[in-house]
Amino acid sequence: MSYTNSNLIAHVKKRAKKLHKQNRDKQNSEKTLSQCLEECSQDLGYRDYHDLMQQANSLNSNAVSSTCLIDKYPELINKAFNNCITKEPKEELIAKFWNLLRTPINNESSLEDIEKLTRWEINKETLKDYGYSCLESKKAQYEDLGYLLLAMGHYFRSVMDNCRYQIAEHPKFTDYFGLWLRSMYPNSNSEQNSSTVLSELKQFYTFNENEELFKSATSWAPKWWLKEQGRI
């Protein structure tokens with residue numbers, strides 16, 4: 001799925017209204033429509049709804065359609081997940097992995113269950129292989145999908161490691177992806193990493209300046225834990 005400037009905004013508004021209705025129907029969990037707009041914008045890799053509006057209005061439709069958003073390839077990502085999951089029920093497990101992409105780890109997360117899920121229920125190396133295949137393919141339109149699948153393989157391992165060490169903290173995928181891009185491809189303008197798609201991805205997937213992944217690192221951990229362990 002690709003978006004023009006106008007239907008990207010319409011898509012987010014539609015998702016926000018649906019989320020608002022779902023939460024309104026729950027007696028103990030009501031979010032305002034404004035909060036839902038913020039959340040849906042962040043799920044697509046933007047800092048907030050205002051950031052989405054600014055970028056959607058400033059980029060032309062060609063740039064938007066060629067840039068990878070997390071919802072751009074739902075069918076292809078589902079197929080990749082399906083082929084990387086060997087246990088049943090596959091549909092239920094696929095839904096769990098999508099939810100894991102969109103939900104940060106915190107004190108309310110079931111760390112033991114998430115570790116088991118990411119350790120045993122999906123082949124992370126195969127998922128990364130799909131990413132490499134897209135990057136090596138002659139079909140240039142799937143370059144962004146390649147980076148996405150490759151990062152997902154690393155993301156699930158990173159989440160698994162954090163849960164293993166009982167660290168109740170990990171950013172959701174869209175926040176991790178911005179850090180991952182800058183760790184794996186620190187200079188997308190160099191001859192080796194020259195890629196218009198990489199540059200566009202970095203524009204869309206921003207990052208929290210207080211967080212970082214060290215160069216070429218793929219597993220994220222909070223700084224307080226790294227200091228505690230004497231790793232930094």
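Quick note: numbers below take in every heavy atom, side chains included, and nothing from hydrogens, waters or symmetry partners.
Side-chain contact annotation: Asp161 with Ser219, donor-acceptor N/O pair under 3.5 Å present. Side-chain N/O atoms of Gln42 and Thr174 include no donor and acceptor closer than 3.5 Å. Side-chain atoms of Thr32 and His20 include no donor-acceptor pair closer than 3.5 Å. With hydrogens and angles left out, the side-chain atoms of Asn78 and Tyr73 include no donor and acceptor closer than 3.5 Å.
Within 6.0 Å of CD in Glu112 there are 12 or fewer heavy atoms belonging to other residues, nucleotides or ligands. No more than 12 heavy atoms of other residues, nucleotides or ligands sit less than 6.0 Å from atom CD of Glu108.
Taking the side chain as every heavy atom from C-beta outward, Glu169 and Asn106 never approach each other to under 4.5 Å. With contacts defined as side-chain heavy-atom distances shorter than 4.5 Å, the pair Leu117/Leu93 qualifies. Residues Tyr185 and Leu201 form no side-chain contact, since every pair of their non-hydrogen atoms from C-beta on lies 4.5 Å or further apart. Under the 4.5 Å side-chain criterion, counting only non-hydrogen atoms from C-beta, Arg182 is not in contact with Leu213. Under the 4.5 Å side-chain criterion, counting only non-hydrogen atoms from C-beta, Lys90 is not in contact with Phe81. Asp43 places a side-chain heavy atom less than 4.5 Å from the side chain of Lys172. Looking at heavy atoms from C-beta onward, Glu115 lies out of side-chain contact with Leu111 at the 4.5 angstrom threshold. When side chains are defined from C-beta on, Glu143 counts as touching Ser195, because their heavy atoms get closer than 4.5 Å.
With rounding to the nearest 0.5 angstrom, the CG atom of Asp48 is 13.0 Å from the SG atom of Cys40. Distance check: Ile167 CD1 to Ser109 OG gives 13.0 Å after rounding to the nearest 0.5 Å. Going from atom CE of Met160 over to atom CH2 of Trp120 covers 9.0 Å, rounded to the nearest 0.5 Å. Atom CZ of Arg47 sits about 11.5 Å away from atom CG of Asp175, to the nearest 0.5 Å. The line from CG of Leu150 to CG of Asp129 is 9.5 Å long, rounded to the nearest 0.5 Å. Here CD1 of Ile94 is found 12.0 Å from CD of Glu121. Values are rounded to the nearest 0.5 Å.
Side-chain rings of Tyr147 and Phe177 stay apart, their centers remaining 6.0 Å or farther from each other.
Scanning both residues, Gly146 and Cys134, for their nearest heavy atoms gives CA-CB, 3.4 Å. Of all heavy-atom pairs between Met152 and Ile77, the closest is CE-CD1, 3.9 Å. The two residues Met184 and Ser216 make their nearest non-hydrogen contact at SD-O, 4.1 Å. For the pair Ile122 and Phe156, the tightest heavy-atom approach, listed with the atom from each and the gap, is CD1-CE1, 4.2 Å. Of all heavy-atom pairs between Leu226 and Ala221, the closest is CD1-O, 3.7 Å. The heavy-atom pair separating Cys84 from Thr126 by the smallest distance is SG-CG2, 3.7 Å.
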side-chain contact (heavy atoms from CB on, under 4.5 Å) between Leu100 and Ile114: does it pass, once the steps are laid out? CA-CA 8 Å; Leu100 192 57; Ile114 294 172; 4.0 Å; yes
Take Lys124 and Tyr155 through the side-chain contact (heavy atoms from CB on, under 4.5 Å) test and state the conclusion after the steps. CA-CA 9 Å; Lys124 297 172 286 297; Tyr155 172 80; over 6 Å; no
Can you list the steps and then say if Lys31 with Glu38 is a salt bridge (Lys or Arg N to Asp or Glu O under 4.0 Å)? CA-CA 11 Å; Lys31 294 182 181 179; Glu38 297 292 315; over 6 Å; no
Quick one: do Cys163 and Thr118 satisfy side-chain contact (heavy atoms from CB on, under 4.5 Å)? Show the steps, please. CA-CA 10 Å; Cys163 292; Thr118 49; 5.9 Å; no
Does the ring pair (Phe, Tyr, Trp, His ring centres under 6.0 Å) test come out yes or no for Trp225 and Tyr165, once each step is laid out? CA-CA 10 Å; Trp225 185 86; Tyr165 288 108; 5.3 Å; yes
What verdict does the side-chain hydrogen bond (donor to acceptor under 3.5 Å, both in side chains) test give for Trp180 and His154, after you've listed the backbone C-alpha separation in whole Å, the side-chain angles of each residue and the deciding distance to 0.1 Å? CA-CA 9 Å; Trp180 180 89; His154 286 136; 3.0 Å; yes
Show, in sequence, the C-alpha distance, side-chain angles and deciding distance for Leu145 and Leu135, and conclude whether the side-chain contact (heavy atoms from CB on, under 4.5 Å) test is met. CA-CA 8 Å; Leu145 177 62; Leu135 294 176; over 6 Å; no
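Under the side-chain hydrogen bond (donor to acceptor under 3.5 Å, both in side chains) criterion, Asn99 pairs with Thr103, not counting sequence neighbours.
A single hydrophobic cluster is not seen to contain both Phe173 and Leu19; linkage of ILVMFWY side chains at heavy-atom distances under 4.5 Å, directly or through other members, places them apart. No continuous path of ILVMFWY side-chain contacts below 4.5 Å connects Met53 to Leu33, so the two sit in separate hydrophobic clusters.
A salt bridge links Asp71 with Arg102; the closest basic N to acidic carboxylate O contact falls under 4.0 Å. We find that Glu75 and Lys79 are not joined by a salt bridge, their nearest charged nitrogen and carboxylate oxygen being 4.0 Å or further apart.
No donor-acceptor pair under 3.5 Å is formed between the side chain of Tyr205 and the backbone N or O of Leu179. Using a distance-only test at 3.5 Å, with no hydrogens or angles considered, no donor-acceptor pair links the side chain of Lys17 to the main chain of Cys36.
If you run side-chain contact (heavy atoms from CB on, under 4.5 Å) between Lys18 and each of Lys21, Lys14, Arg15, Gln22, only Gln22 comes through.
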